[in-house]
Structure formats: structure tokens, C-alpha cells
Asks: 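Supplied in C-alpha cells, the structure appears directly below.
Reckoned from all heavy atoms, side chains included, excluding hydrogens, waters and symmetry mates. These numbers come from a predicted model, not from an experiment. Here is the naming used below: chain letters follow the sequence lines, and residue numbers restart at 1 for every chain.
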Amino acid sequence: MQITLNGERVELEEPMSVTALLARLEIDPRRVAVEHNLNIIKRHRFAEVVVGDGDTVEIVNFVGGG
Amino acid sequence: MQITLNGERVELEEPMSVTALLARLEIDPRRVAVEHNLNIIKRHRFAEVVVGDGDTVEIVNFVGGG
Amino acid sequence: MQITLNGERVELEEPMSVTALLARLEIDPRRVAVEHNLNIIKRHRFAEVVVGDGDTVEIVNFVGGG
Amino acid sequence: MQITLNGERVELEEPMSVTALLARLEIDPRRVAVEHNLNIIKRHRFAEVVVGDGDTVEIVNFVGGG
Amino acid sequence: MTDTPFVIAGRTFTSRLIVGTGKYSSNAVMAQAHQASGADMVTVAVRRVNISDRTRESLLDYIDTSRMFILPNTAGCYTADEAIRTARLGREAGLSEWVKLEVIGDERTLFPDNEALIEATRVLVKEGFIVLPYTNDDPIACRKLEDAGAAAVMPLGAPIGSGLGIQNVNNIRIIREFSRVPLIVDAGVGTASDAALAMELGADGVLMNTAIAGAEDPVAMADAMRHAVIAGRLAARAGRIPKKMYASASSPVEGMVGR
Amino acid sequence: MTDTPFVIAGRTFTSRLIVGTGKYSSNAVMAQAHQASGADMVTVAVRRVNISDRTRESLLDYIDTSRMFILPNTAGCYTADEAIRTARLGREAGLSEWVKLEVIGDERTLFPDNEALIEATRVLVKEGFIVLPYTNDDPIACRKLEDAGAAAVMPLGAPIGSGLGIQNVNNIRIIREFSRVPLIVDAGVGTASDAALAMELGADGVLMNTAIAGAEDPVAMADAMRHAVIAGRLAARAGRIPKKMYASASSPVEGMVGR
Amino acid sequence: MTDTPFVIAGRTFTSRLIVGTGKYSSNAVMAQAHQASGADMVTVAVRRVNISDRTRESLLDYIDTSRMFILPNTAGCYTADEAIRTARLGREAGLSEWVKLEVIGDERTLFPDNEALIEATRVLVKEGFIVLPYTNDDPIACRKLEDAGAAAVMPLGAPIGSGLGIQNVNNIRIIREFSRVPLIVDAGVGTASDAALAMELGADGVLMNTAIAGAEDPVAMADAMRHAVIAGRLAARAGRIPKKMYASASSPVEGMVGR
Amino acid sequence: MTDTPFVIAGRTFTSRLIVGTGKYSSNAVMAQAHQASGADMVTVAVRRVNISDRTRESLLDYIDTSRMFILPNTAGCYTADEAIRTARLGREAGLSEWVKLEVIGDERTLFPDNEALIEATRVLVKEGFIVLPYTNDDPIACRKLEDAGAAAVMPLGAPIGSGLGIQNVNNIRIIREFSRVPLIVDAGVGTASDAALAMELGADGVLMNTAIAGAEDPVAMADAMRHAVIAGRLAARAGRIPKKMYASASSPVEGMVGR
């Protein structure tokens, strides 16, 4: 299956939770915000929300800015 | 009968055309614009448009401005 | 006898040292500078320099300034 | 003989008047000022003043300036 | 060097100075000032005829309409609707499609309400008006006015009647660079050098009223402004010298006597 | 309002703009720029004739001396003696008593050495010269130059050729107030609005060279400066409006439609 | 004279200087500069995590969040929708309701699109955000932002990163006078005197990034800005002397020796 | 970055702010303002003792001479002789060789008479004085004062007590570049940003009296000036960002959500 992650096509073997996806990407869940198909996912729901084929995911964090 | 002319109550004996009203007011029709019940009256229609009881008329002209 | 002290005529009974003059005026000698007939008098010479009839004396100190 | 003309050494066969010197240099006398051994020479005296060996001559005119 | 003509919405004007008709001590003085200014476009306001006063002479009796183009404004309007209504009345009174569009946002600064101004511009352009909007020195607002069909953008140099001169030269320069329509500095000019500066910054024209009408000698100031606008325009095109921190001699450094 | 004539040492000039003759790309361009400037006084430098170069055409061939008054300068002189010597030579070359007196104190800023300038002024005035000293914007130095007999005071607006415009408007205003002789802003002008401002501050005239000669189009800039000086002078006398922080409407606030 | 506390939306800050986190040569330098600045609020941008780069250290590792309040911005957003979406993501990432709202109208000037900015402010305020909008120096736009529920107004002094300093002091003064919410000058400051001036004009705070991060010595400049903001604030409240054209002696004129 | 110490004639001062003692509402307020300013050098005037008034308290009772260095001035002197005489008396009264040398040229502007100032400097330096001359912003005069042995040059920013701020930044910059002795901007400062600017231009110190003493709250303004001078000095050394006409983003342009 394939998802669009931060604007790029990414291959996944199977659907997985946001928690799992972040783990796979080695991203600390406490410092990012996640948007799933244009819906923002509250942090406490990372475990239950499942990313499936064709889904669009945005993972953002803070970077230097003015 | 009574009309509202430039925001003031004015008494008229009877309905009259815009042309007649301007003449009565001694106003040169070539230098003013007339609004009748919120509709602007083209100059060529001054003779046919009749101002009746309760109508609102605005007569404007150019004054000094920046 | 008479001297000119800071631009004003002042009467003195007799010639006296700068030290005596300052004492008479109740001026602390440590905080003023004295000019006698256009010569500046070093502080250690206040006792020996005598002010006589017709002499001109300037006594200055520090005041607020920018 | 040799003169110093506008700061440069110049050879002359013989003493000559300022008029002659200017003619030799093809300089219009009406548009220049001449200094001979630090003395300014009035135009009407160009003919009589003679430039001799070792003399210093400055010939100036107007140039563009602000 | 011959200048390009000053064209707004296809109409060519001989003068880049546009003047007002308000606040003059008398219509006679106004007429002389207009003459001295060399302007061929004047702004006027649209107001109710004074019914009670029969004798009131008409402003137009003092404007040479053969030479002067009349530009009605919507001064004093605080909403898009008011401005649109006033613009329509002005068109009837003047029989021209042109309007100096003002939608004021605050009475102490008389700064424009750009949101309402853009909205009114869209409406009036659709109705066939030639819209010259008075705005502030906001390049983004100017671009939106242009996109809405404005025939020119008229940013202020400073508050109307303040005489402070151009407060933000950088913005005027930027607006000039961004705009494809004429840029007219409208309001804030106090004296001749302000008008010259406006033109040097790239303005295509300058519009003013108080600076002339409020001067001790309006006719002389009108003449001053006429020269100033010409001067600034010429300078803008002549290519000024760069600014330098130090001096550069204007007379030769060689040929000094006695060296 | 007719202006008072521009008189220096009893001589009346029609233009309040005085221009230089240096740094032009060609004498032909200079002649056109002079024409466009409307000036009737030009400054020139005094330099050694180039002996080696016979062909060198004369500057004067390109100056209409029937219309233009020639003002020799002492540019490049760093001591009172040098300046005095140069002034005397200039008098012989030009057959007039007038001199634009410069005693330079430093070659990077070309700022005047006021001490030496005042001294040279005293000497030359005694010799019958009409001395127009180039000085800085120091009111005290200007007063001393006036006391020494200078026919005018010519403070700089900014370093020669810098084009920075008037750096210290307050000083120019003060000098104008203190001086009983003409005040001519000499040097520092970069563009038309600078010249207009100088006049608005009360200057009786403006002297410039680089701003015109160094412009991409010297003839157009000369024309710009002509208009700018006229504009600034008119504005100075017309009585400008006061500056205010807020706006004041130029159109009536009564008679709005629909209120 | 003790100052009133600096309070935004009920939250009190000890420093009136707000700093950014962008453009530093290294996070270590940033941390030192933050320390030197004395600021207790920093702005950050919201961007996609770089998936490919695992090693990328987190900005937050270099911000003492026990001392520093994090203000996410919507920099780079060109529409209200983009800005709203980014604000929501920032809230999740930061777990606070605060946002520095930017809706950019043009990429060369980075000037705000006030129309879209006001719209986005309305939406976000309804959602419970504490909105600090970056706007231009337009008093009318600032009033509308305030009416839309903005917790502060943040007009620019000059284009972001330009270092030009405050271009229109009159507008900042007017905005201060009109606003009932804190006024923070955001963008345009180049050096310490610019920051001091901003505070003297009545600003309640100053927000800057490039002036510090882009300086040769960011830590020293941060220290400079800390002092400058304190200095400007103190001066604004101390009641400065009026400006006068002439001098007034600071030493007594009586008691001179020998008179 | 540690700063170089502020040294004049071999003596090191901890503060680059020098303050006056005139025009305070009371000596008590002055003492507090001095404390707040952090200054360790104060100027005083030399005047005749008031013979008639016995009670008159001494200024020195309110100056902590253990911390403060006393700098007598020659304010009010209009000739070299007067200034020299006053300097000599000041030395006796204060038992130090230091003098702030003033020779005033005009009582309305209180501008210096540079000719007389240079002369007085030569004489006093020969007598072993440490001369700190108050002059105007004339680079040539400053160089001559330095050549005459002045321990520092103290150009004015604007007329004494005018509060106009630095009128000619270019000259101050040039003087800094030309001088090998400390440059202290003396007079003209009105508020904190003026003082910061003076330091940013390269001044080694700032001397002021009226700006503090004349403020509504002199103690707060003294504190403001202390911070402003530190801020300006730091900024001058930190290497400010260059000025640009356009913006440069302080947040990354990549990584925007949804693009």
C-alpha cells in the first residue's frame, strides 16, 4: 500500500496506527503534530487512528523561525 | 403632501415632476443630480418622473473638495 | 578700606589674609578657588597673601552645570 | 637659458617678453593670467616685462570647475 | 529627453499635478491658483444642494471646464455603499465615468478602509466607472485595487491635510515597482520639495488640495507646486548621481599653481 | 507676489541657481546644460595652461559670456596663501573682482578650513575682492566670514559631490536667520528635491556642479534644478501649511447624501 | 517609577523583547543569544518533519522551555486557509493556544495581506486561539484586527529582515493611541536605536529575529537589544524634554568671573 | 565579546555616559539621577561664590566624589581668555588638571567659536591641562583640536539643551574615522534612542545634562540613558545587519504543509 507522507509517496506493507508510523520513522511523538486526511489527530488518539492505503499524512514540528 | 428633500421635511401642494420641483427651488437642472426614492434619475427623465407624497428626494451638486 | 569682591564693592576695616577673609565670609577654604588681582592663589598660600585697599578678589566654587 | 614654466624646466635661446613667450607657446594672451617670479603681470605690461634666465613663470587659464 | 505622456485610462493629461477645490478663502482665489498650478484635472466633492440658500453661487462658475477635467470624489463616505451611491450621483452631476474613490476608515486620520475600498472598486468598475482609489502606502492593497480594475493607485504620502510630506519613501518606491497602472501620490504633501520627492520616487502624478488652498499665498504655492512636479519628474528621469559618504572634487586636482 | 531680486554685492542675477563647469562628458553637453539651467553665473577653476597640448580648446568658447557671469574659484587650495595667490591670478584671467573662495581642510571630505578661510577672506576683501566663501554649516563661522566682509555665505549642504542632500536643515535655517548677506547653499545637492528644500529653508540661492554634470542626462537634470530652485523659492515665500500629526478634511463634512 | 507589567491575553512576560529562532549559524549560538536577550517568549515556525534525515536534532533541545514561552508562527502562508491550518497544527505541536498569525501578501516584501489576515483572525479567535497578528502600520487594519479579537497588534516597522528601522513613526504613534490591546513592533528593526525608538513611540514590546541572528555577533546584539528595549521603555515613561530649534544653557548664566 | 576600556588621557572610566549637574529641581533628585545613570564622571560649572547667601549648600555635598570624577567646564565663556582664566580657577577649586573647554560663539545657539577654542586648547595643553573641548561636528576643527593636544573631541549632536538628537550622522561618522582620540558626543541628545545612535555611529562616549535633568522623571531617564549607551556600544561592536529595500524571510521557505 502507498500513502502520501509530507507530500511524498511512501510505501507501507500494511495499515498501521499513527503511533506505529512515528515509531517506524523514529520520530518522537511528543514533539510533532499529525494531520491525517486533513484532520488533525490529537496526541492521545495516535494509537487508535490507523493510516491506510491512499491516505495523506502530514507530520510537522517546530523549526527555527521569526 | 410632504416629501423628504435632502433630509428635510418639505410641504408640497401636489405631486410634481422633478423638472417642476427644481424650477420651484430655482435650481439649474444642468448642474445637479437627483435621486428619487434611492433611484438615480437620468436628466432626460426629469420631466416625466413625478415626486409624490412621502417620497424621498436627494438633489446634489459639486462643491469644493480635495 | 575697600576691595572689589566678586564684582561688588566691599568695606573692610583693615588688610587681612585670604584665610581671614574667607573665615569672615564663612566660606570653607577647601572648596573654593581664589584670584587676587588676577593672580590665582594656591590654597597653601591663603594664610600669607594679604588683601589690601583697592584689591580685586574673586572667590569661585563649583555649581551645577552641563 | 632656462626658465621654470608652470613647474617644468624649459629652454629658451634668449630673454624675451611675456608677449613673445605667449606667442611662442601659441597662447592667446587675452585668456590667461601670468605670474613672473611670484609677481602677477597686468596684461598691458606683457610687452615690457622680460623673462630671463632662471626666472619662474606661471601661465594659468580657466578650466572646468565647481 | 522628451517625457512619456501622462495617461490615465486612455485619457492624456498635460500636467502631472492634480489639484483640489476645497478650503479656498474665495472662489476667485481658487481660480487664480488653478491657473497658476497648470493642472488640467481638479477634484470636487458631491454634496446636497443647499435648498434654503438661493443665492449660493456654483463652484463650476469658477472652473474653466474647457481646460479642466472634473474628478468627483466620494470624500466623507465611511462605507462601500455610501461611496458607491455618491459615485453614482457624481456621475450624473458630472456626466463622466470618473471617480476619485474614498472610503474612509477613521475620522481623525482619514485613512482609507482598504477592505471596503477594494469592494467598492470592484462594484464600480463593473458599472463602467474609471476608478481612482485613494489608499494608503500598502503595496498589497494597491495590487488588489489594480486587480479589481482601478485605473490608477493613489497612495497617501501622509494624512490628508497634515502637510507632513512622504512618511514612507520605501513603500512608495515599492508600489511604483509593483504597479502597472499610474501611481499618484494623493495627500500629505506640505511644500514644494515634498511634491518633487514624490515624483523622484517614481510617482506618475501628485494630487493635493490643502497644501495649496491652505498656504498663506495659494497662488504662489500653486505655482511652486507646478514647478516642483516638473522638477521632480525631470530629475526622476535624468538619472541622479549616487549618494556617497565622502566628497569627490568637482574641479581638477592637477595643474595647481606653484606645485 | 513678485519676488525681491537676487542681488550679491550690488549685482543682480536673474537666476538663483549657480552652476559649475566641471566633470562634463563634453563641452557641448555643458553648454546645453547651462542653457537648460537658466543660470547666469557659472563657476570655473584656475589652472596652469597645458603647455604641451596646443590643440586644447578653451572652456570659454563654450560659455556665453554675454549672458553668463564668470565666478573663478580657488578649488584645491589647502592654505590661505595658496587661495589668495589663486584668487589674484583668477582676477587677472577674468578681469573681475569676484571669487568663490575655497580653502580646503581635508582631501577626503573637502570640508573647508574655516580658520584659514576667514583669514583669506580678510586679506582679499581688503584688496577689493568680492568674496563668496565656501564654508560648512557653522553659524559662527558664517558670522565671522560676514564680519570679515564676505559678500555672501556659502555653507555646504553635504560633502562636495556626495549628493547626500542637506544634512543639517536646522543649521541652514539658523544661518539664514543670522546672516545679513545672501546665503547660498554650496555643495551636497543630489537631486531636485534637495535644491527645493534648500530654498525652502531660506537660502537665497543654490550652487551645484556634480549633481548636474554627473547625472545620466545632465541637460534634463539642469532643467530639473532650474524648476526646483524656482519651486523652492516660491514655496518659501508662499507660507506653507503647518505640519500636523492628524488629518484635516479637504472636503466639507456637511451635506453628505442620506444622512 | 515602577513599570506596569507586560501582559498579553492575561499572561505576564518579564521582558518586552520577543525574539525569533531562525537563521542562526548554530543552535548553540541561538541558545546563547536567547540567554543574552533576556527574552521569555520566542517565535518558531511550523514545518514538515524531514523524514529522510533521522539525525536532525530538535530545535526544542536548544530552548529552555521552563523559561521561554513558545509562540508558533504561520510564516510562509499566503492564504487565510493555509494560515488557519498551520495555526491548528502549531497548537497540537506546542499544546498552547497562542499563534503569531502571518498571512503574507507578496514574497518580495513579505507584507501582510490584511484582508485575509483579518478573516483568519476572526476564525481562529472563535476557535479559542490567542492571536497575535503580524500586520503593517495601517491604523485601520489594526483596529479591525482588534475588533476581530486579536490579543495584540503587531505592525511592522519595515520589511521583515530589511533592517531599515521604523519607516513611519507617525503611524506607530497613531496606532498606539488607537489600540486598547498591546502594540508590538514586529519586523524591520536593524540595530539597538531602532528598538529603543520603537519603545519610545509607545510600543509595548518589540519582536525581532534577523537583527540578532544576522548580526556578526548575535550574542552581543541580543544583549544590545535587551538594553535598548529597556532604555526605550524607560524613556517613553520618563517624559522626554521637548525639542527646540535653539539652545538652552545647562550651566548658570550668572556668576561669571570678571563680569 | 569583551569591550575595550573607556580611557581618556590614561584614566579609565567604567561608564561611557557622562552627565551634568545643572538644572535639577533639587540636589537630592540629582544625586538619585547620578546613581541611576551609572556615570563616573560629572561636569560642573565654575561660578562666583554667592557672598550674601551664607546658607547656600554646596553642590559637592550631593556628589559622591569617591565614585564620581569631577570635570569642571568653562560654560558661559565667550573668549579664549575668559575660558583660560575659568579653567585655571576650576583647577584650583577641583585640584585636577581636567577641563571641559567651552568657548561659546553665540548665545542663542551656544555653538562653539572654534577659532578661539583651538587657541585656548593650545594654551591650556601647554599648561598641563587635560582638555576636553566642546566643539561642533566639523571634522577639520576636530582634527585641529586633536593636533593642539586635546585629550578627546566632543562634537555636539545638536544645540545644547535642544533635544533634537544627532542632526548630522555623516559628520559624526567621519569624525570618528579621522580621530585618534576618544570621540564624545556632547549636547543635543533628547532621548534614549539618540544616545544609542550616537554610540552606534562610533562615539566612545556621550555627555548630556538637559535630557536627564529636564525630563519629567530625571531618575528614570538617567536609567534609560545608562541602558541606551550600553545598548548602542554593544550594537556598534556586534556588526549590525545591512539595510535592504526588500524583505528576507526569517522562517524557512521549504517544508510548508500541503504543498
Asks: Tell me, out of G/Leu89, G/Val42, G/Leu71, who's got the most heavy-atom pairs with chain A below 4.5 Å.
Replies: G/Leu89
Asks: Judged by atom type as modelled, is there a donor-acceptor pair below 3.5 Å linking the side chain of A/Arg43 to the main-chain atoms of G/Glu92?
Replies: yes
Asks: How close do A/Ala33 and G/Ala93 get, counting heavy atoms only, and between which atoms?
Replies: CB-N, 3.6 Å
Asks: Among A/Val10, A/Ile40, A/Leu38, which residue has the highest count of heavy-atom pairs closer than 4.5 Å to chain G?
Replies: A/Ile40
Asks: Does any non-hydrogen side-chain atom of A/Arg31 lie less than 4.5 Å from one of G/Leu59?
Replies: no
Asks: Does atom CD (G/Glu107) have a neighbourhood of more than 12 heavy atoms from anything else shown, all under 6.0 Å?
Replies: no
Asks: Could you tell me the separation between the CG atom of A/Asn61 and the CG atom of G/Leu60, rounded to the nearest 0.5 Å?
Replies: 8.0 Å
Asks: Chain A: which of G/Asp61, G/Thr210, G/Val19 shares the most heavy-atom pairs with it under 4.5 Å?
Replies: G/Asp61
Asks: Please determine whether the number of non-hydrogen atoms from other residues, nucleotides or ligands lying under 6.0 Å from atom CD of A/Glu8 exceeds 12.
Replies: no
Asks: Check whether G/Lys23 gets within reach of chain A through its side chain, its backbone, both or neither, counting any heavy atom under 4.5 Å.
Replies: neither
Asks: How long is the span from the OG atom in G/Ser58 to the CD1 atom in A/Ile27, to the nearest 0.5 Å?
Replies: 11.5 Å
Asks: Looking at every non-hydrogen atom in both residues, tell me the closest pair between G/Gly90 and A/Phe62 and how far apart they are.
Replies: O-CZ, 3.6 Å
Asks: Below 4.5 Å from any heavy atom of chain A, which atoms of G/Ile70 appear? Answer side chain, backbone, both or neither.
Replies: side chain
Asks: Taking G/Asn73 for its side chain and A/Gly66 for its backbone only, find out whether a donor-acceptor pair lies under 3.5 Å.
Replies: yes
Asks: I'd like to know if A/Glu58 and G/Arg48 make a salt bridge, using a cut-off of under 4.0 Å between side-chain N and carboxylate O.
Replies: yes
Asks: By a 4.5 Å heavy-atom criterion (distance strictly below it), what part of A/Ile59 contacts chain G: side chain, backbone, both, or neither?
Replies: both
Asks: Checking side-chain contact (heavy atoms from CB on, under 4.5 Å) between G/Val49 and each of A/Val32, A/Val63, A/Asp28, A/Val34, which is the one that passes?
Replies: A/Val32
Asks: Using 4.0 Å as the upper bound for N to carboxylate O, is an ion pair formed by A/Glu35 and G/Arg85?
Replies: yes
